[in-house]
Amino acid sequence: MRPATAAFLAGLLIAAPAVPADQPLRIGSKRFTESYVLGEILTQSARQAGAPAEHLPGLGNTAILQQALENGSIDAYPEYTGTIAREILQVEEPLDLAAINTRLAPMGLAAGVPLGFSNGYALGLRGAEASKRGVRSISDLAKQPGLRLGLSHEFLGRRDGWPGLQSAYGLTGVTPRGLDHGLAYEALAAGEIDVVDLYTTDAKIGREAITVLADDRGYFPRYDAVILHRIDVPAKYPRAWAAIAALTGRIDEATMVGLNARAELDRVDFAAVAREYLGPSTQKPAARSLVQAIFAPDFGRLLATHAGLVFGSLAIAVILGVPLGIVAARYRRLAQPVLLLAGLLQTIPSLAMLAFLIPITGSIGAWPAIIALFLSALLPIVRNTHAGVLGVRDSMRQAARALGLAPRDVLLNVEL
């Protein structure tokens, strides 16, 4: 993992102190269309009820949102039961909402407000092809050996993906083609493949007339959309929470597919999509500009964070690395230990370094990222300084000393 890549990932991290009770309800979201839209729906629902609320979009992945909840950076965010069970609670067996809440309680968290849809894995094929072949369920695929499957690389490798699905449905002798999920619908439309894996609320399901095959043997776990929140939120924000709780069961899969399509395919602003859903508007939603379509709404904030992490860690690496390189060049017996230590630090992947530094620093904010990037940048600075100083000819040093230059001036004006 290159330092810049780790900086970008680390730049998504968020850490802040707990929020006073008189502050607005803060709704977080992850970095994909559906989470942005749901975050806006929750926020606007609270505002319509007269309660202050704000949306903090695109904070990162599950671990980051969980930490943001626990340290009070946010109060709630849309999540899925399967993700809560597997990534937060670290259990494989299916859990209902009551069992999830029993396990979340010691963490100061709770899950509630089932929205009415599940965003899980499924298989789909073109509607015309499904009608022609009479394929309505995954079991029907075993009767159609000529169908060409194109599955995402992630799905092919997941335990709850293709390996288990193949065994559960007896799809022996079928060799799927691996491809990027982002290209699946284009390949399907072009007729290069017949069956793809998809998420049940993908924006293109309706627009591309995809038939989602029934999971008639109940293989795929459910990923029901719920609100994961701090356990004190209902009591702390009663008016806002009552408005959000009124969304229970109101968003089915077809509705969510349509909302995702409005944002992703029609390029309508996330906030406008939420307004469309929550009630009729007299104003026509403004389409997003090209810049808004290309860049996420929090692009500027993330870019500034990324630049700060990169240049901050680089400055520290230069301040410490250049003197270490000079010491290694001046005192030959220290050269090997210094370069060896710097080399060992660089062999540790940046993300693995973050895993060690987060518990040590007690934060998932900027400091672990800066330290990890600093350690990754140290070796080339130390080694090149060492090589550069050694590359200066002795005759130049002797000439400088003969002219009466002090050792500091020789270092600054000749060697460096």
* Asked: Hey, are Asp202 and Lys204 close enough for a salt bridge, meaning a charged N less than 4.0 Å from a carboxylate O?
  -> no
* Pair Tyr199 and Tyr121, ring centroids less than 6.0 Å apart -> yes
* To do: Please tell me if the side chains of Leu115 and Arg250 come closer than 4.5 Å, counting only heavy atoms from C-beta onward.
  => no
* How far does OG1 of Thr83 sit from CG of Asp224, to the nearest 0.5 angstrom? -> 11.0 Å
* To do: Start with the C-alpha distance between Asp269 and Tyr36, add both sets of side-chain angles, then the distance that settles side chain to side chain donor-acceptor pair (under 3.5 Å), and finish with yes or no.
  => CA-CA 10 Å; Asp269 181 80; Tyr36 281 119; over 6 Å; no
* Would Asp266 and Arg207 satisfy salt bridge (Lys or Arg N to Asp or Glu O under 4.0 Å), going step by step from the backbone distance to the final call? -> CA-CA 11 Å; Asp266 296 340; Arg207 300 294 177 91; 2.9 Å; yes
* Lys236 backbone acceptor or donor facing Asp232 side chain under 3.5 Å -> no
* Above 12 or not: heavy atoms from other molecules or residues under 6.0 Å from CD of Glu93? -> yes
* Answer yes or no: is there a donor N or O on one side and an acceptor on the other, between the side chain of Asn119 and the main chain of Ala225, under 3.5 Å? => no
* Just by modelled atom types, is the Leu69 backbone N or O under 3.5 Å from a matching donor or acceptor in the Arg230 side chain? -> yes
* To do: Return the minimal non-hydrogen interatomic distance between Ala335 and Ala328, and the atom names on each side.
  => CB-O, 3.4 Å
* To do: Answer yes or no: is there a side-chain heavy-atom contact under 4.5 Å between Arg103 and Ile84?
  => no
* To do: Measure across Leu42 and Leu247 and return the closest heavy-atom pair with its distance rounded to 0.1 Å.
  => CD2-CD1, 3.6 Å
* In Å and rounded to the nearest 0.5 Å, what is the CG to CG distance from Leu213 to Leu198? -> 8.5 Å
* Asked: CZ/Phe270 to OG/Ser29 distance, rounded to the nearest 0.5 angstrom?
  -> 8.5 Å
* Out of curiosity, Gln66 CD to Ile88 CD1, how far, rounded to the nearest 0.5 Å? -> 4.5 Å
* Structure fact -> Output for pair (Tyr77 OH, Leu56 CG), nearest 0.5 Å, gives 14.0 Å
* Where the side chain of Ser167 meets the backbone of Gly164, is there a donor-acceptor pair that is under 3.5 Å apart? -> no
* Kindly indicate whether the side chain of Leu104, heavy atoms from C-beta on, has any atom under 4.5 Å from the side chain of Leu89. => yes
* Could you tell me whether a side-chain N or O of Thr200 sits under 3.5 Å from a main-chain N or O of Ser118, the two making a donor and an acceptor? => yes
* What are the two closest heavy atoms between Ile64 and Leu59, and how far apart are they? -> CG2-O, 3.6 Å
* Indicate whether the side chain of Glu264 and that of Thr33 have a donor and an acceptor atom separated by less than 3.5 Å. => yes
* Asked: Does the side chain of Leu171 reach to within under 4.5 Å of the side chain of Leu141, using non-hydrogen atoms?
  -> yes
* To do: Apply the test side-chain contact (heavy atoms from CB on, under 4.5 Å) to residues Val233 and Asp75: give CA-CA distance (whole Å), side-chain angles for both, the deciding distance (0.1 Å), then the verdict.
  => CA-CA 7 Å; Val233 164; Asp75 301 300; 3.8 Å; yes
* Where Gln90 and Glu87 come nearest, the two heavy atoms and their spacing -> NE2-O, 2.7 Å
* Do Gln44 and Gln48 get their side chains close enough for a donor-acceptor pair, meaning under 3.5 Å? -> no
* **Carboxylate-amine/guanidinium contact Arg148 Glu129, below 4.0 Å** => no
* Give the ring-plane orientation class for Phe220 versus Phe155, where under 30° counts as parallel, over 60° as perpendicular and anything between as tilted. => tilted
* To do: To the nearest 0.5 Å, tell me how far Gln346 CD sits from Ile348 CD1.
  => 10.5 Å
* Asked: Can you name the closest pair of heavy atoms from Ala168 and Tyr219 and give their distance?
  -> CB-CD1, 3.9 Å
* Asked: Run the side-chain contact (heavy atoms from CB on, under 4.5 Å) check on Ile41 and Leu259 step by step: do they pass?
  -> CA-CA 11 Å; Ile41 289 176; Leu259 294 174; 3.9 Å; yes
* Start with the C-alpha gap between Arg330 and Glu415, add the side-chain angles, then the distance that decides, and say whether salt bridge (Lys or Arg N to Asp or Glu O under 4.0 Å) holds. => CA-CA 11 Å; Arg330 288 283 179 86; Glu415 295 177 317; 2.7 Å; yes
* Should the pair Glu208-Arg126 be classified as a salt bridge under the 4.0 Å nitrogen-to-oxygen rule? -> no
* Asked: Between the main-chain N or O of Ala98 and the side-chain N or O of Thr102, is there a donor-acceptor pair closer than 3.5 Å?
  -> yes
* Could you go step by step and tell me if Leu123 and Val196 meet the side-chain contact (heavy atoms from CB on, under 4.5 Å) rule? -> CA-CA 6 Å; Leu123 296 184; Val196 297; over 6 Å; no
* To do: Please test Arg177 against Glu192 for side-chain contact (heavy atoms from CB on, under 4.5 Å), starting from the C-alpha separation and ending with a verdict.
  => CA-CA 10 Å; Arg177 171 185 170 186; Glu192 297 179 9; 3.9 Å; yes
* Asked: Taking side chain as C-beta onward, heavy atoms only, is Leu25 less than 4.5 Å from Ile244?
  -> yes
* Would you say Asn101 and Leu97 make side-chain contact, with heavy atoms under 4.5 Å? -> yes
* Quick one: salt bridge (Lys or Arg N to Asp or Glu O under 4.0 Å) pairs with a partner in residues 33-49, sequence neighbours left out? -> none
* Asked: For Pro52, does its backbone N or O pair with a side-chain atom of Tyr237 as donor and acceptor, under 3.5 Å?
  -> no
* Validation row: Arg86, Val91 side chains within 4.5 angstrom (heavy atoms) -> no
* Find out whether Ile74 and Ile27 are in side-chain contact, i.e. whether some heavy atom of one side chain is under 4.5 Å from a heavy atom of the other. => no
* Structure fact -> In terms of heavy-atom contacts, Leu373 and Ser313 come closest through CB-OG, 3.4 Å
* To do: Would you check if the side chain of Thr255 reaches a backbone N or O of Ile251 as a donor-acceptor pair within less than 3.5 Å?
  => no
* Is the backbone N or O of Phe32 less than 3.5 Å from a side-chain atom of Ser35, with the two atoms forming a donor-acceptor pair by type? -> no
